[in-house]
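To keep things clear, I will list the structure first and then write my remarks on it.
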Amino acid sequence: MKSISGKKLCKILEKTGWTLARIKGSHHIYTKEDTSTILVIPVHGNRDLPIGTLNCILKDAGLTEEDI
């Protein structure tokens with residue numbers, strides 16, 4: 001799997017219906033109306049997210065590798 005930055009992941013989430021609820025430091029917190037899931041995306045400049053972190057976020061968001 002190719003790793004992407006937190007900034008790019010935020011843009012993908014916003015296109016798929018997630019809304020930015022708040023920002024606490026370098027963590028962007030996203031929510032979606034029809035689910036109780038909360039996503040926390042670490043945005044540290046343009047650094048790529050670790051693969052494990054990216055996989056967990058995608059799983060929680062209901063997205064696949066093809067969506068990115």
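Remember, it's a predicted structure, so these values are computed and weren't measured experimentally.
Taken from OG1 in Thr31 to CG in Leu13, the straight-line distance is 11.0 Å, to the nearest 0.5 Å. Separation of atoms CD1 (Ile41) and CG (Leu49) is listed at 7.5 Å; rounding is to 0.5 Å. Annotation: the span from Ile57 atom CD1 to Ile12 atom CD1 amounts to 11.0 Å, rounded to 0.5 Å. If you take CD1 on Ile4 and CZ on Arg47, they are separated by 15.0 Å, rounding to the nearest 0.5 Å. Interatomic distance, Ser5 OG to Asn46 CG, rounded to the nearest 0.5 Å: 5.5 Å. One distance of note links CD1 of Ile29 with CG of Leu39; it measures 10.5 Å at 0.5 Å rounding.
Proximity of a side-chain donor or acceptor of Lys2 to a complementary backbone N or O of Ile68 within less than 3.5 Å is not detected.
Residue Ile23 is grouped with residue Tyr30 when hydrophobic side chains (ILVMFWY) are merged at heavy-atom distances under 4.5 angstrom, including chains of intermediate members. Leu20 and Leu9 end up in the same hydrophobic cluster when Ile, Leu, Val, Met, Phe, Trp and Tyr side chains are linked at under 4.5 Å.
Residues meeting the side chain to side chain donor-acceptor pair (under 3.5 Å) test with His44, sequence neighbours left out: Ser26.
Closest non-hydrogen pair, Thr16 versus Lys32, comes out as O-NZ, 3.3 Å.
Applying the side-chain hydrogen bond (donor to acceptor under 3.5 Å, both in side chains) rule to pairs touching residues 52-68 yields Thr64-Glu66, Thr64-Asp67, sequence neighbours excluded.
The closest side-chain heavy-atom distance from Thr37 to Trp18 is below 4.5 Å.
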